[in-house]
Protein chains: 2
Amino acid sequence: MSNQAVIQHLESFIPLKGIEKALLDERFILRHIKRKEKILVAGEVCRYHTFVAQGCFRMFGVDDKGFEHNIQFAAENDWIADIGSFHTQKPSQLNIEALEAGVVLQIKQQDLYFLYKNIPKLNLIFKVLIELKYIELQNRVLQNFSSTAEQRYLGFLEQYPHLSNRLPNTQIASYLGITPEFLSKVRKNIQSKG
Amino acid sequence: MSNQAVIQHLESFIPLKGIEKALLDERFILRHIKRKEKILVAGEVCRYHTFVAQGCFRMFGVDDKGFEHNIQFAAENDWIADIGSFHTQKPSQLNIEALEAGVVLQIKQQDLYFLYKNIPKLNLIFKVLIELKYIELQNRVLQNFSSTAEQRYLGFLEQYPHLSNRLPNTQIASYLGITPEFLSKVRKNIQSKG
DNA sequence: ATCTACCCTTAACCTAGCTTAAGAAATCAG
DNA sequence: CTGATTTCTTAAGCTAGGTTAAGGGTAGAT
């Protein structure tokens with residue numbers, strides 16, 4: 001396991017020259033993460049942009065009453081960071097936690113900015129990456145407004161089949177914005193229909 | 001009124017050379033839009049990325065029951081487009097409508113791609129622009145999950161004071177994901193507290 | 001292998017926000 | 001200026017989803 005995973009991922013957008021790959025290889029840091037380990041803790045600055053080579057992570061906020069709300073999951077070949085905190089280097093309100101043991105490739109803000117300067121096409125790649133995430137998030141906002149919990153759950157199963165088999169229902173419920181108890185009711189109801 | 005508005009806006013991120021400005025000036029199209037005119041209709045492809053020079057627009061989806069749900073507002077110096085449809089050139093499920101008469105500066109996908117190639121720093125600028133929008137949207141998802149309609153309404157007034165004076169409450173309600181009737185109740189309740 | 005910590009489900013009761021309806025006030029187009 | 005269209009509000013009844021509590025099941029750590 002090495003930085004090759006992230007380089008390969010970036011090359012799936014645009015091929016990179018040998019020198020560029022060497023620069024990338026130099027700046028990414030490989031870390032092994034244990035289950036339940038946090039790679040971002042609310043109140044601290046998000047120091048790394050994280051590429052998931054192996055495992056599954058969630059980013060979540062905690063409300064006034066202490067309830068957790070999942071904003072995003074990230075499994076293999078996905079990126080995760082509190083982008084606001086990462087760019088401003090101000091404290092984050094979010095947490096990123098491993099749902100399984102895993103391996104990540106991380107880069108610091110100043111190193112990523114160095115790479116943006118020295119490998120201009122990275123701007124294009126990361127623009128596309130965030131555009132894709134933006135579209136996903138926008139669809140989610142629309143779904144949340146215009147459909148019931150049951151429709152959203154079915155949509156989740158369809159859109160993220162690899163995740164729905166892998167995550168406990170409590171985590172899915174938190175992502176859908178409902179309680180685990182209600183998700184249980186929804187699932188029962190779906191089953192009874194066939 | 002001319003393309004200067006958009007060039008000035010882009011220069012607020014990174015200065016541009018004379019040649020670059022000329023290229024930009026060539027490719028943007030100025031249009032006057034009437035109140036209630038749609039610049040994107042669901043079912044059609046989103047052909048333009050739109051910079052708002054004057055006026056106020058909303059992007060919205062329509063659900064199974066015919067209810068409209070506002071996803072985004074855009075006033076002066078903001079951008080609006082269904083980014084998914086714009087990039088894939090597949091039909092959009094969204095509409096963009098003028099809430100007031102206004103002036104927009106629009107660019108076609110192929111022209112924007114031409115500019116990305118010929119003015120590489122535009123990739124950086126548009127990456128930053130979409131990152132900012134992404135952060136906004138992410139905060140919105142979190143807010144929707146972790147607070148009541150009243151808290152969200154107060155948050156909206158604080159975050160978008162220029163919009164809250166300008167928009168009818170029906171539009172704000174649709175953005176907050178509640179009915180106008182319930183917003184009315186919320187407003188009454190806020191007033192009675194002082 | 002066993003203990004512990006989650007995880008899933010059920011059920012009774014509760015509440016934030018929706019629906020429907022209808023009138024008054026504001027705004028827009030001609 | 002005027003009629004037509006939106007917008008805002010109120011109120012009564014309703015429903016999707018939350019809360020609380022409790023039992024059984026499952027998976028991780030040692």
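Here is the naming used below: chain letters follow the sequence lines, and residue numbers restart at 1 for every chain.
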Closest to side chain of B:Phe182, choosing from C:dG17, C:dT10, D:dG18: C:dG17

Is the distance from OP1 or OP2 of C:dT15 to the nearest side-chain N or O of B:Lys185 less than 4.0 Å? no

Close residues, residues 162-173 of chain A, relative to DNA chain C [heavy-atom separation under 4.0 Å]: A:Pro168, A:Asn169, A:Thr170

Between B:Lys36 and D:dT6, is there a contact of a side-chain N or O with OP1 or OP2 at under 4.0 Å? yes

A:Gln151 atom CD, neighbour heavy-atom count above 12 within 6.0 Å: yes

Terminal axes of the helix from C:dA1-D:dT30 to C:dG30-D:dC1 (five pairs each): angle between them, nearest 10 degrees: 80°

Do A:Lys108 and A:Phe86 meet the cation-pi criteria used here (NZ or CZ under 6.0 Å from the six-membered ring centre, within 45° of the axis)? no

Tell me, please, whether B:Tyr175 has B:Arg152 positioned over its six-membered ring: NZ or CZ under 6.0 Å from the ring centre and within 45 degrees of its axis? no

Please check if any side-chain donor atom of A:Asp63 sits under 3.5 Å from a side-chain acceptor atom of B:Ser146, or the reverse. no

Pairing of A:Arg166 and A:Glu100 as salt bridge, 4.0 angstrom limit: yes

Side-chain N or O of B:Thr179 closer than 4.0 Å to phosphate OP1/OP2 of C:dC18: yes

Flag for B:Gln106-B:Arg31: side-chain donor and acceptor within less than 3.5 Å: yes

Is B:Arg35 near enough to C:dA29 that one of its side-chain N or O atoms lies under 4.0 angstrom from OP1 or OP2? yes

Please give, in whole Å, the distance from D:dA16 P to B:Asp63 CG? 15 Å

Take atom CD of A:Glu100 and atom C1' of D:dA27, then tell me their distance rounded to the nearest Å. 13 Å

Does CZ in A:Arg27 sit with more than 12 non-hydrogen atoms of other residues, nucleotides or ligands closer than 6.0 Å? yes

Checking ring-ring contact (aromatic ring centres under 6.0 Å, His included) between B:Phe51 and each of B:Trp79, B:Phe126, B:Phe57, which is the one that passes? B:Trp79

Among the nucleotides C:dG17, D:dG18, C:dT19, which one has an atom lying closest to any side-chain atom of B:Glu181? C:dT19

If the cut-off is 4.0 Å, is A:Arg187 near the phosphate of C:dT9, judged by side-chain N/O to OP1 or OP2? yes

Looking at A:Cys46, is its backbone amide N or carbonyl O close enough to the side chain of A:Asp82 to form a donor-acceptor pair, meaning the two atoms are under 3.5 Å apart? no

